[in-house]
Amino acid sequence: VDRDGHCCTGWLERMEGDPLPAKSGWLLKWTNYMKGYRKRWFVLHNGVLSYYVAEKDTTSACRGSIIIHDAVITVDSGNNFALSIPQAGSTAPSRVFHLRALSEVDHASWITTIEAAKTHSKRNGGFRFPTLSTHKTQKPSSAFSPTGRNTVDIIDELESASEGEMSDDHLTGEGVVESVLGSKIAKMETWHLQLKERCARLRGQLETGRREIPGVGQLKDEASEVELTAAELLEACRTYVDQLAKYQKDWTAMLRANDTRTRELQGELEVLAREHQSLVGNAVTPSCARSRSRSSAMGGDTLIDEADSDDDVFFDAVEAGEEAGAPIAASASPAAATSATTANAGTLRSSALGGEMVTVGAGPAVVRRTKIPLSPKLQLSLWSMIKSCVGKDLSRIAMPVNFNEPISFAQRLCEDLEYSELLHRAASCTTSAERMVWVAAFTASGFATQAKKRTGKPFNPLLGETYELDRRAESGWRAVTEQVSHHPPICCMHAESDTWIYWQECAFTMEFWGQYIDVKPTGLSHLIFKDTGDHFTWTKVSTKVHNVIVGSLWVDQHGTMVISNHRTRDKCSMEYVPYAMFSASNARTVKGTVTDKEGKVHYTMSGKWDGGLMAEIPGKKVSKFSVWNAVTPPLSTEAMYHMSLMAISLNEMTTPDEGCAPTDSRRRPDVRAMENAKWEKANSIKVSLEEAQRGRRREMERRREPWRPRWFDLKPDPCFPNRQIHQFNNTYWETKDRQSWDPTLDIYLYESKDTKRK
């Protein structure tokens with residue numbers, strides 16, 4: 001009996017209608033190696049975790065469940081965790097759920113709720129702790145709950161804070177746990193003392209009326225159990241707060257990192273907006289002084305000199321049948337504005353530099369196409385193709401173009417220079433360590449074109465096939481590639497600007513491992529800066545193509561790339577983290593360190609090889625800066641083989657490309673046929689070209705004439721004298737100027753079914 005004369009036997013009732021801690025939401029569940037993780041709706045109710053295909057199926061179509069009471073919780077790296085049921089007499093579990101949360105906050109919330117449900121289930125056999133009540137169903141008195149708020153209120157307050165409702169005080173003060181729950185725990189301790197006093201008085205009253213009231217001894221024992229349960233509840237709350245304190249540190253760090261990144265992006269966006277405005281002014285008024293913005297990424301001030309512009313008028317790229325100079329509305333698409341800025345550029349601007357603008361162009365830029373005919377998406381079963389190859393000569397089997405994209409590998413090699421602005425920025429650096437940062441970003445940017453869903457295979461170049469790419473007008477460089485060997489396949493590239501020379505010998509080995517193909521590069525890349533004499537070399541990391549037989553193709557990079565400066569002996573080690581099943585959050589991650597010849601670390605780098613890189617100076621509080629950000633292709637390119645805008649323009653014959661070599665990839669008929677969505681014709685021409693190449697090889701073998709590349713010579717490597725490497729002989733551009741091409745070689749001559757193509 002309490003002070004008001006009410007019987008407190010309600011304390012002893014188990015709340016059979018009150019469920020254990022409950023939660024519902026989306027989680028990723030591992031299914032099998034073919035399908036991987038699949039999104040499922042999970043419901044935790046009354047100590048049972050069940051999952052459904054969709055939220056609407058919760059009333060009928062349960063796909064599986066686990067009783068939390070017997071489950072073992074295993075927390076893995078990232079947002080992964082597992083629930084397993086032990087099997088008697090065996091180390092292998094009888095059932096296991098491999099799960100992945102959609103976010104770190106969601107991961108912490110699920111783990112906490114499941115652990116709480118398991119604890120409650122073990123202590124109470126599926127029931128919750130007893131709570132105060134009376135036969136009159138009154139609410140707890142103010143003496144017990146001065147604020148009228150219970151533990152659920154406290155937890156709700158914490159969850160609302162974790163969902164983004166924190167104030168700045170929570171971020172910069174003692175933290176959400178200390179500020180929200182600290183005072184609540186103190187009040188619960190006060191309530192616990194009051195409860196102990198009430199239990200003591202109750203026992204005394206029961207002892208006094210022992211002879212008058214039947215069953216007094218049992219009530220006394222129950223009162224002791226209530227007091228013990230309250231103590232356990234208080235201890236459980238303390239443990240819960242300790243766990244939340246641990247998660248709070250991760251939440252706070254994540255929120256601060258997101259806040260810092262948001263402010264950085266806002267700053268970069270402001271710089272880009274100013275540059276865009278000045279470039280539009282140049283496009284409208286060419287006589288105006290061109291803007292030049294130099295911002296030091298190493299923490300210096302930003303100086304912006306904007307050209308005056310009275311009218312905000314945008315000019316779209318010139319399309320076929322249209323006249324140049326037709327204005328379009330200021331609300332036009334971003335692609336139109338981009339075309340306008342590239343249509344009249346003596347100044348190059350790149351978002352890869354985080355606001356850096358470098359003058360490299362030599363005149364008006366060439367207006368290049370932004371689309372090609374859409375892919376017909378003709379499906380081909382790999383198994384049916386393998387079946388048709390049984391019993392045939394493998395040397396005569398040609399891969400159909402269904403697995404290709406309409407460019408040659410000789411063209412694809414030039415995509416390494418899509419972010420050539422990084423090299424121009426590196427050339428302007430004052431220290432070798434700083435220059436290494438931009439060179440390292442350039443090496444990573446070459447893999448960005450292989451990200452997302454672009455999995456089409458470039459056409460294998462024919463022996464002697466060449467490709468030239470003249471981007472001096474807009475980017476200040478030009479490049480030449482040549483297929484110098486067929487067995488083994490080797491393609492060489494040489495590119496040069498006023499400040500740097502870049503060349504590479506692309507050779508690789510391929511290993512087929514059933515479900516994936518591992519491509520291991522063996523060629524070497526060289527980069528020389530003319531002003532300083534810095535000479536960099538590196539070998540690319542391995543590329544792994546997944547789901548070759550079953551599933552959707554996707555590409556990953558893995559391995560360690562070491563970039564060496566042979567003049568200063570500086571090094572940069574770039575680690576490309578391979579994809580792991582239970583650490584998908586680290587997918588496409590790259591980390592690097594820049595060290596001098598004595599091993600001292602000057603910069604650290606981190607990011608995604610398909611997204612961007614950040615660099616940081618160790619030991620400085622505010623030293624993190626953006627080095628490179630990948631440009632996201634427009635959504636319209638999904639129907640164009642997921643190619644980037646640069647890739648779309650590679651097979652176009654523009655004014656600078658007129659008069660290119662007869663062996664240029666732009667003249668290759670099977671690639672052109674596929675680009676025009678004539679896949680059947682492309683397959684036929686491809687077979688004819690490859691058969692003609694075999695005929696030329698047999699003829700050379702009969703005459704005992706070795707093959708010699710025309711534009712690259714095999715010489716000792718300037719950095720590794722014991723190694724031979726193909727190097728540019730500097731005769732291509734002179735030959736083009738004179739138009740003195742060798743008329744005897746036509747690698748695109750083939751026999752068709754009807755007539756000979758000449």
Side-chain angles (χ1 to χ4, degrees), residues 408-414 416-417 423 460-472 477-509 521-530 533-540 564 566-567 657 659-668 693 696-697 699-701 703-748:
S408 169
F409 185 79
Q411 296 170 303
R412 180 107 178 225
L413 203 58
C414 291
D416 285 357
L417 291 165
L423 297 183
N460 291 334
L462 301 175
L463 186 61
E465 182 176 335
T466 62
Y467 180 71
E468 70 167 66
L469 188 60
D470 192 340
R471 294 292 174 97
R472 288 176 296 176
W477 55 266
R478 60 182 180 179
V480 176
T481 64
E482 181 182 11
Q483 184 77 2
V484 299
S485 174
H486 192 64
H487 294 294
I490 301 176
C491 190
C492 296
M493 182 185 74
H494 178 93
E496 186 171 357
S497 75
D498 293 336
T499 57
W500 49 263
I501 303 173
Y502 170 58
W503 80 89
Q504 63 171 310
E505 184 182 73
C506 186
F508 50 84
T509 60
T522 59
L524 199 62
S525 298
H526 287 258
L527 175 63
I528 298 177
F529 290 95
K530 298 180 179 180
D534 285 346
H535 192 152
F536 298 85
T537 61
W538 65 89
T539 298
K540 295 180 179 179
S564 302
H566 293 269
R567 185 183 71 87
D657 311 316
C660 59
T663 54
D664 195 279
S665 300
R666 296 180 182 88
R667 305 184 187 276
R668 184 165 171 170
Q693 179 174 241
R696 290 193 299 270
R697 186 184 70 239
E699 181 65 20
M700 293 180 62
E701 291 175 351
R703 296 179 181 179
R704 296 182 179 179
E705 295 179 358
W707 167 260
R708 291 187 178 86
R710 277 177 166 25
W711 317 115
F712 290 81
D713 298 332
L714 193 61
K715 300 177 182 179
D717 189 284
C719 297
F720 306 95
N722 295 329
R723 176 174 180 170
Q724 297 286 315
I725 187 173
H726 288 87
Q727 302 179 48
F728 192 53
N729 57 25
N730 295 304
T731 60
Y732 179 87
W733 300 110
E734 295 178 3
T735 304
K736 180 184 180 181
D737 292 339
R738 298 194 305 266
Q739 286 295 299
S740 56
W741 306 113
D742 186 353
T744 62
L745 182 60
D746 187 355
I747 62 175
Y748 302 135

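Keep in mind that the numbers below use all heavy atoms, side chains included, and drop hydrogens, waters and symmetry copies.
Closest approach of P662 and W741 over heavy atoms only: CD-CG, 3.6 Å. The heavy-atom pair separating T537 from C719 by the smallest distance is CG2-SG, 4.0 Å. Among all heavy-atom pairs drawn from C414 and L469, the shortest one is CB-CD2, 3.9 Å. Residues F508 and T522 approach most closely at N-OG1, 3.7 Å, considering heavy atoms. Considering all non-hydrogen atoms of both residues, T481 and A410 come closest at OG1-O, 3.1 Å. I747 and L463 get closest at one heavy-atom pair: CG2-O, 3.8 Å.
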**Prompt:** Taking it one step at a time, do L462 and H486 satisfy side chain to side chain contact (heavy atoms under 4.5 Å, CB included)?
**Reply:** CA-CA 8 Å; L462 301 175; H486 192 64; over 6 Å; no

**Request:** Before giving the answer on side chain to side chain donor-acceptor pair (under 3.5 Å), spell out for H494 and N730 the whole-Å C-alpha distance, their side-chain angles and the decisive distance to 0.1 Å.
**Result:** CA-CA 9 Å; H494 178 93; N730 295 304; 4.6 Å; no

**Message:** side chain to side chain contact (heavy atoms under 4.5 Å, CB included) for W711 and T731? Distances and angles first, verdict last.
**Reply:** CA-CA 7 Å; W711 317 115; T731 60; 3.3 Å; yes

**Stepwise side chain to side chain donor-acceptor pair (under 3.5 Å) check, Y732 with E734** = CA-CA 5 Å; Y732 179 87; E734 295 178 3; over 6 Å; no

**Message:** One pair to check against side chain to side chain donor-acceptor pair (under 3.5 Å): Q504 and D416. What are the steps and the verdict?
**Reply:** CA-CA 10 Å; Q504 63 171 310; D416 285 357; 2.9 Å; yes

**Request:** Kindly determine whether R471 and R478 satisfy side chain to side chain contact (heavy atoms under 4.5 Å, CB included), including the steps that lead there.
**Result:** CA-CA 5 Å; R471 294 292 174 97; R478 60 182 180 179; over 6 Å; no

**Worked check of ring pair (Phe, Tyr, Trp, His ring centres under 6.0 Å) between H566 and F720** = CA-CA 11 Å; H566 293 269; F720 306 95; 5.5 Å; yes

**Request:** Apply side chain to side chain contact (heavy atoms under 4.5 Å, CB included) to L527 and L423, showing your working.
**Result:** CA-CA 9 Å; L527 175 63; L423 297 183; 3.6 Å; yes

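The distance from the CG atom of L524 to the SG atom of C506 is 11.5 Å, given to the nearest 0.5 Å. Atoms CZ and OG, on F712 and S485 in that order, are 14.0 Å from each other to the nearest 0.5 Å. Separating the CD atom in E482 from the CZ atom in F728 is a distance of 9.5 Å, to the nearest 0.5 Å. I528 contributes atom CD1, which lies 10.0 Å from atom CG of D534 (distance to the nearest 0.5 angstrom).
Taking a 6.0 Å sphere around CZ of R708, one finds it holds 12 or fewer heavy atoms contributed by other residues, nucleotides or ligands.
With salt bridges taken as basic N to acidic carboxylate O contacts below 4.0 Å, none links K736 and D657. Salt bridge annotation for E465-R668: present, with a cationic side-chain nitrogen under 4.0 angstrom from a carboxylate oxygen. Ion pairing between a basic and an acidic side chain is recognised when a charged N comes within 4.0 Å of a carboxylate O; E496 and K530 show such pairing.
The side-chain heavy atoms of L417 and Y502, taken from C-beta on, include a pair separated by under 4.5 Å. With contacts defined as side-chain heavy-atom distances shorter than 4.5 Å, the pair N729/R710 does not qualify. By the 4.5 Å heavy-atom criterion applied to side chains, F536 and S564 are not counted as neighbours. For the pair Q411/F409, no side-chain contact is recorded, criterion being any heavy-atom separation below 4.5 Å from C-beta on. Taking the side chain as every heavy atom from C-beta outward, R567 and H535 never approach each other to under 4.5 Å.
With 3.5 Å as the limit, one finds no donor-acceptor pair spanning the side chains of N460 and Q483. For the residue pair T466/T663, the side-chain donor-acceptor check at 3.5 Å is satisfied.
Between the side chain of E505 and the main chain of I725, no donor-acceptor pair closer than 3.5 Å is present. Judged by distance alone, with hydrogens and angles left aside, the side-chain atoms of Y467 form no donor-acceptor pair with the main-chain N or O of A479 at under 3.5 Å. Not a single donor-acceptor pair under 3.5 Å links the side chain of E468 to the backbone N or O of C660.
Figure legend: cation-pi geometry between R472 and W477 absent, as NZ or CZ is not positioned both under 6.0 Å from the six-membered ring centre and within 45° of its axis.
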